[in-house]
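Below is one structure, written out as structure tokens; the observations come after it.
Chain letters run A, B, ... following the sequence lines, proteins first and then strands; every chain starts at 1.
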Number of protein chains: 2
Amino acid sequence: MKVDTGASADSQAVPHKGRPREFCVDAALAAALRVFWSKGYEGASMADLTEAMGITKPSLYAAFGNKEALFNKALDLYEREKLDYMQAALAAPTARGVAERLMRGALDMYTCPENPNGCLGVIASVACGAEAECIRQAVLERGAAAKRAMLDRLVRAKEEGDFPEDTDPEGLAAFLMAVNQGMSVQAGAGATRAELERLVETSLKLWPGR
Amino acid sequence: MKVDTGASADSQAVPHKGRPREFCVDAALAAALRVFWSKGYEGASMADLTEAMGITKPSLYAAFGNKEALFNKALDLYEREKLDYMQAALAAPTARGVAERLMRGALDMYTCPENPNGCLGVIASVACGAEAECIRQAVLERGAAAKRAMLDRLVRAKEEGDFPEDTDPEGLAAFLMAVNQGMSVQAGAGATRAELERLVETSLKLWPGR
DNA sequence: TATATTATATACCAGTCGTTATGAAAGTTG
DNA sequence: CAACTTTCATAACGACTGGTATATAATATA
């Protein structure tokens, strides 16, 4: 297991000693993310990855360590660039605003033609068999953290009077995650944007309180 | 590609000509289902399958054709034995009864200790990369049929006055499927029965009409 | 008992998996 | 120019993939 090379920073600032690399690390990582996102962790072969990234296998191993390390960095990138709607949702003033921003953000994410279909977290957590258990655990960890953040936000919302008295914030947090995960599955199954919009509108209409 | 041997019927009724097989086809298929259910289509290797089924590879190929045919038969078995709560739900007298039976049936299915975690349909449709596209299509086909049946049922429910006037049956059908898929994802992620119960109770409380 | 038919077990196929050893190429530094 | 360092491309590694050829064992039929 190699140490992290700190590849995320742009390496063009200070000229290195040896032969300079001929590819952009960030662009290669973005390409790798697309592959993992499309095919899952185990479904993405090194041949798929190197072809999409435009580099050879030794270059990949030198720059990113191994497949698992590459996936984790791709997962970081995914969370940073594609899951920003989550934090934006949590910042909404009311619980209804949280739900609305979350669902509409997810809708835009899932239906953006630039993106592969579905949610990388769902794909990787569901499609992880056998020896890639640590990958699964890493993905589940992030999902659990997201749910915890949502739960905290909804608990606060209840204290602020956003819900009727008999509302269960834990149930609602699980509910929001479930609708989001369901959207991911249906998007992966080829649902149209119009179909997902109806799902979002229906879910928001059912959402309780303000 | 061999022709179907009609292995579903119990072959002990009439003695065959050659050497009799030493394993029960139905039991082997049930074992194969558990493997596919746990690991997905591509995640389940022939070695996994033969070991769980207690037979050798040539026996498997002779009895079931190949991996794809085996999966399709396992999928039939799954739908027949594990998805019966779907039809039971559709037979409920009111839309609320449909939602209730569906969610509680799914809850029981996902939390039964005998079963692997999650829904085989979700697992196989999400975790199908590359060349197993026909498997994915077959699974998606069944999911689409299930949603269509649900939509028909909810349209009828609206005609029967189970919903407020401004209710969108299509959105509600997608909603029911989404909650179910979300339950599958969360069950696969290791959610406890108590957590899923709260999700079900919350969703049912939000369900509109009677 | 002899023959036909089917299932079994062993070993093997070509291909792919993730990973790495090897040597040449391309830079910086003395 | 000659070290030195790092990346490059080629090729290979052992392990595993889905799928079979072959030979033997077990039954029914004649």
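Dashed line: the shortest gap from a side-chain N or O of Tyr61(B) to OP1 or OP2 of dG19(D) is under 4.0 Å. Dashed line: the shortest gap from a side-chain N or O of Ser59(B) to OP1 or OP2 of dA7(C) is not under 4.0 Å.
With salt bridges taken as basic N to acidic carboxylate O contacts below 4.0 Å, one links Arg104(A) and Glu100(A).
Sorted by first then second residue, the ring pair (Phe, Tyr, Trp, His ring centres under 6.0 Å) pairs that include residues 87-125 of chain A, not counting sequence neighbours, number zero.
In this structure, Leu70(B) atom CG and dG18(D) atom P are separated by 11 Å, rounded to whole Å. Atom P of nucleotide dG18(C) and atom CD of Glu68(A) are separated by 13 Å, given to the nearest angstrom. When rounded to the nearest whole Å, the span between CZ of Phe23(A) and C1' of dC8(D) equals 10 Å. Taking atom CG of Leu60(A) as the reference point, atom P of dT7(D) lies 13 Å away to the nearest angstrom.
For the pair Pro58(A) and Tyr41(A), both in contact range of DNA chain C, the more 5′-proximal nearest nucleotide belongs to Tyr41(A).
With sequence neighbours left out, Ser59(A) forms a side-chain hydrogen bond (donor to acceptor under 3.5 Å, both in side chains) with Thr56(A). With sequence neighbours excluded, no residue forms a side-chain hydrogen bond (donor to acceptor under 3.5 Å, both in side chains) with Glu170(A).
Contact of the Val122(B) side chain with the Asn180(B) side chain is not registered, since no non-hydrogen atoms from C-beta on lie closer than 4.5 Å.
Here the nucleotide nearest the side chain of Lys67(B), chosen from dA21(D), dT20(C), dG18(D), is dG18(D). The Lys57(B) side chain lies nearest to dG19(D) when the options are dG18(C), dG19(D), dT8(C).
Here the SG-CG distance, from Cys112(B) to Leu107(B), works out to 11.0 Å after rounding to the nearest 0.5 Å.
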Start with the C-alpha gap between Phe23(A) and Phe64(A), add the side-chain angles, then the distance that decides, and say whether ring pair (Phe, Tyr, Trp, His ring centres under 6.0 Å) holds.
CA-CA 13 Å; Phe23(A) 64 95; Phe64(A) 299 100; 7.0 Å; no

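Backbone-only contact: Pro20(B) has heavy atoms under 4.0 Å from sugar-phosphate atoms and none from a base.
Figure legend: cation-pi geometry between Lys67(A) and Tyr41(A), with NZ or CZ positioned under 6.0 Å from the six-membered ring centre and within 45° of its axis.
Heavy-atom contacts from other residues, nucleotides or ligands closer than 6.0 Å to CD of Glu51(B) number 12 or fewer.
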For nucleotides 23-25 of chain C, give me every protein contact, N/O to N/O, under 3.5 Å, one pair per line with atom names.
residue, atom, partner, partner atom, Å
dA25(C), N3, Arg19(A), NH1, 3.0

For nucleotides 28-30 of chain D, tabulate all protein N/O to nucleotide N/O atom pairs closer than 3.5 Å, reporting atom names and distance.
residue, atom, partner, partner atom, Å
dA28(D), O4', Lys17(B), O, 2.7

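With hydrogens and angles left out, the side-chain atoms of Gln137(B) and Glu141(B) include no donor and acceptor closer than 3.5 Å. Defined by atom type and a distance below 3.5 Å, a donor-acceptor pair is missing between the side-chain atoms of Glu195(B) and Gln186(B).
Residues from residues 44-56 of chain A that place a heavy atom under 4.0 Å from any atom of DNA chain D, listed by number: Thr56(A).
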